[in-house]
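Notes follow once the structure below has been shown.
For reference, positions follow the sequence shown, starting with 1.
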Amino acid sequence: PLNGESSGQSPAASATKINQSAITAALSTLERLRSLQSEKEACALFASSLLSHPLGATGSAASSSSTSAGDSADNTAADAAAEAHKNKLEAQDPLHPRSLPGGVRDAWASLTKSSRALNVLAGEVDDMDIDKNDAFLASNNGTITASMIENELAKEKRHENEQYSLNNGQLSIACRTVALKVALDRQGEVTEIIGKDAKNTVQILKKARKEIDDTTNDNDAASSLMDSFYLRLAEVKQYQSRNPGEATNNADNMTAMLGGGQSSLQSMLLSGRKRKHGHPLADGYDIASLIANETSAVRSGEVFSPEEMFGKYLDLVPLYESEVRHMRHAFVNDGGNGGGNNNNLASNLSYLDFLSILSKGLNTSIPEAGKLRDRRKYTRFLREMEKYLTGFLKRTSPFLNVSSEVIASAIASFEKEWAAKGGVTGWECRQAEASMVLESQNAKGDGQSANGNDTGVGIDLSKFSTSADLEKAVSGDELKSELARLGLKCGGTVSDRAARLFLTKDTPLDKLPAKVFAKRKGGGAKNAVPFTKKEMAGSDLTEVVAGRRVDIVRLESIVSSLLDQVRPTLEGTRRRVERRTTQTENERDQEIDEEINGTKLDESNANKNKTRDGEGGSDDEDDEDDTPIYNPKNVPLGWDGKPLPYWLFKLHGLNHFYPCEICGNESYRGRRNFEKHFTESRHAYGMRCLGIPNTKHFHGVTKIEDAQELWSKLKNVLESNQFDGVEEEEYEDSNGNVIKRAQYEELARQGLL
């Protein structure tokens, strides 16, 4: 709003002031509404363009670079015609990046810059914003040369003909996903802002119209509008006279650079401003900055860890090191005996074996006894897995509602199955525990009796007059599950359980003595207090009663559902870990570079076209890679991805399979792989489970019965060869007589020595 007049104003001047204030507020509101509407349309336009052109716009430089200096004039003319036809098609496409408004083109430029090839192996320094002229000016005391002017002109030309091509690497995929999320989120935010301000906008515009209509003289109203315009113009001129350097645009800067003197040229070269196709103040939006902030975070490694490879793989190494390796029973497959007695078996589980267990499924790959023996560690592991997988899905699939579409459906399926039979696949079914799954819904409802006890589920104590009647009518397992549900101690005999539960018939839980409650985390009598309704509901219950089967299985069902959601990523991670064990350092580096940056589509297509059109090129050679592989005898593939020659296949004996019962009936292809497996960890683990040392005596033994029989014979031989101190150790008395140790000790006890 403009400053008011002096105190001695006339009524007409006062009316003019009122009109100026109302008109200024209305124009500000309209400008804000226009900016928001433009930003909303720009976000929708950018998202549509990105979905229509996932690889951006292919530049003309790639096609022109494939034409060598020795090409004929006909080829040059054909290339020019093809380029003209391509430009015509691009002009007809309203969603093509080069056909979009300037502000949206700037968003494409930000995305292209963040998706450019990343030289990870050489430790890249992100210097795209660093101008070489700045360093030259600093080293030459601000002296500007003709080469610097040529560089600026070349940059301006490249800016006008900017390319918006993306590659198919994982970095580009991650940046595209983030950019699409930013655009759609911002569109939703702007739509919400417009909806909230709609009522206020209408009131401001009505007020302005009313005050204009109330003006008695139309000429006075028109003159007041013109007065407001000239006053505002005077303010702008006054501001620009105080700040002369901020009003110049790129064209003025170029004019000054070519003929405006050394100081103007130096200010242009040292300004450091980014060239843009749009103007944020005039357009009313700057989505390029929003996209640049998010995509630069992805590129710099703030969003994904190096092992995740910008969302292509899972990074479960920290979880494996901190949680899995410390469990002695859960992640040990000992034939269903809950982990056995060997405390060091968990440390022998490799990261690849851990990924294989996750791939097969936690409910079927790990025995229930082992989970229950490590229940607290296993529960903590499940919580950490849920936290990591939820965050990974939010980063890689931002449009997936993990809570409602994955977790909620998994909990509903689990509760339905558990309520029906008191167990799920991979866990023992106990009908007495079927009602425990309903307590979360009951705790959220109003199923509470007058004495404060939960009566929605469980045992109805009103039917029994004494604890003895309760003991006769209800089994011990049902009493135990009901006591655990209420947070009471569930140990002791059946009579003790019945008496403890019968106390809750007429006494509220908060009035019961502390000694009947199970100890909370941390132990001690002070912690022996009843669980609150909030703690008995949903996920809070797992924090309080982490040892209950139903809570462990609930968490396991959630983690299994999340693992199913990332199943392709998990399988790719497992194959990558297995592949890296046989790769050299150079092969690993090359694979990392190809996965991050992808293949250069333009150059590969240009090389194919050049080979097809050049001498000696044929369509048959180009189609060799596209033909399906003919492999009727299921011969293994070689290093080039093609089947091995059949003579080489038979030479190495790869057509023979050698089973090993000790390794879990695993079959090994070829004699060489079979001989090699006796020294590998899988066979050694099977021998340890049998209680037999994996020595060279058992090399070639594959059946469990043969190994046990051979070990029994070897034990007798080894025992006969061992030194027996009682029988073979000899002593000499004071008279020089040599006698055996047993005789010497007997004579010493009798005092005859």
Side-chain angles (χ1 to χ4, degrees), residues 114-128 166-175 296-322 324-325 347-359 388 392 395-396 566 568-601 603-604 607 625 636-645 648 652 654 668-670 672-685:
S114 299
S115 303
R116 68 188 185 277
L118 181 66
N119 190 3
V120 196
L121 306 179
E124 180 199 42
V125 178
D126 207 351
D127 58 351
M128 290 295 289
L166 305 175
N167 55 48
N168 58 350
Q170 195 61 34
L171 172 60
S172 179
I173 295 174
C175 289
S296 61
V298 173
R299 182 179 179 84
S300 62
E302 299 176 12
V303 179
F304 297 99
S305 65
E307 285 293 326
E308 288 175 335
M309 199 66 67
F310 297 102
K312 187 174 184 178
Y313 302 115
L314 296 173
D315 184 11
L316 298 175
V317 176
L319 189 64
Y320 165 76
E321 294 289 345
S322 61
V324 176
R325 292 180 65 88
S347 61
N348 295 326
L349 184 73
S350 65
Y351 182 57
L352 180 60
D353 296 333
F354 168 62
L355 294 177
S356 300
I357 290 176
L358 295 181
S359 180
Y388 172 77
F392 183 82
R395 287 177 289 154
T396 56
V566 297
T569 307
L570 177 61
E571 292 296 332
T573 305
R574 186 181 62 83
R575 289 193 298 268
R576 180 178 185 244
V577 173
E578 186 176 7
R579 185 171 62 250
R580 287 173 71 90
T581 57
T582 59
Q583 286 179 328
T584 62
E585 191 68 26
N586 293 334
E587 291 174 340
R588 293 183 184 181
D589 294 343
Q590 184 179 1
E591 180 181 343
I592 291 174
D593 183 68
E594 290 179 356
E595 288 178 344
I596 292 180
N597 300 323
T599 57
K600 298 180 180 179
L601 300 179
E603 293 183 3
S604 60
N607 292 334
D625 296 336
L637 303 181
W639 61 271
D640 55 352
K642 298 180 180 180
L644 292 174
L648 185 62
H652 289 283
L654 299 179
Y668 296 93
R669 176 174 246 170
R672 182 175 178 272
N673 293 331
F674 175 70
E675 296 288 345
K676 184 181 177 182
H677 99 279
F678 287 105
T679 58
E680 295 177 349
S681 59
R682 186 185 185 93
H683 189 83
Y685 172 72

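- Between E571 and R574 there is a salt bridge, since a side-chain N of the basic residue sits under 4.0 Å from a carboxylate O of the acidic one.
- Interatomic distance, OH of Y320 versus CG of L352, reported as 10.0 Å (0.5 Å rounding).
- Separation of atoms CD (Q170) and OH (Y313) is listed at 8.0 Å; rounding is to 0.5 Å.
- Panel note: side chain R580, backbone R588; no donor-acceptor pair is recorded below 3.5 Å.
- Salt bridge status for E587 with R579: absent, with no side-chain N to carboxylate O gap under 4.0 Å.
- Of all the heavy atoms in L316 and Y351, the pair that sits closest is N-OH, 3.4 Å.
- Atom OG of S359 is separated from atom CZ of R575 by 9.5 Å, given to the nearest 0.5 angstrom.
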*How far apart are the C-alpha atoms of L644 and L654, what are their side-chain angles, what is the distance that settles it, and do they pass the side chain to side chain contact (heavy atoms under 4.5 Å, CB included) test?*
CA-CA 11 Å; L644 292 174; L654 299 179; 4.2 Å; yes
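- Across every non-hydrogen atom of E680 and K676, the tightest pair is CG-O, 3.6 Å.
- From I596, atom CD1 reaches atom OG of S172 across 12.5 Å, with rounding to the nearest 0.5 Å.
- Annotation: side chain of T396 is in contact with side chain of F304 (closest heavy-atom distance under 4.5 Å).
- Considering every non-hydrogen atom in both E308 and F392, the closest pair reads OE2-CD1, 3.8 Å.
- One N or O on the side chain of T573 and one on the backbone of T569 form a donor-acceptor pair closer than 3.5 Å.
- Looking at M309 and R576, their side chains come closer than 4.5 Å, going by heavy atoms from C-beta outward.
- Minimum heavy-atom separation, R395 to V303: NH1-O, 2.8 Å.
- Interatomic distance, CG of L118 versus OG of S300, reported as 10.0 Å (0.5 Å rounding).
- The nearest pair of heavy atoms linking A174 to F310 is CB-O, 3.8 Å.
- For the residue pair S115 and N167, the shortest heavy atom distance occurs at O-ND2, 3.4 Å.
- Distance check: D353 CG to S681 OG gives 6.5 Å after rounding to the nearest 0.5 Å.
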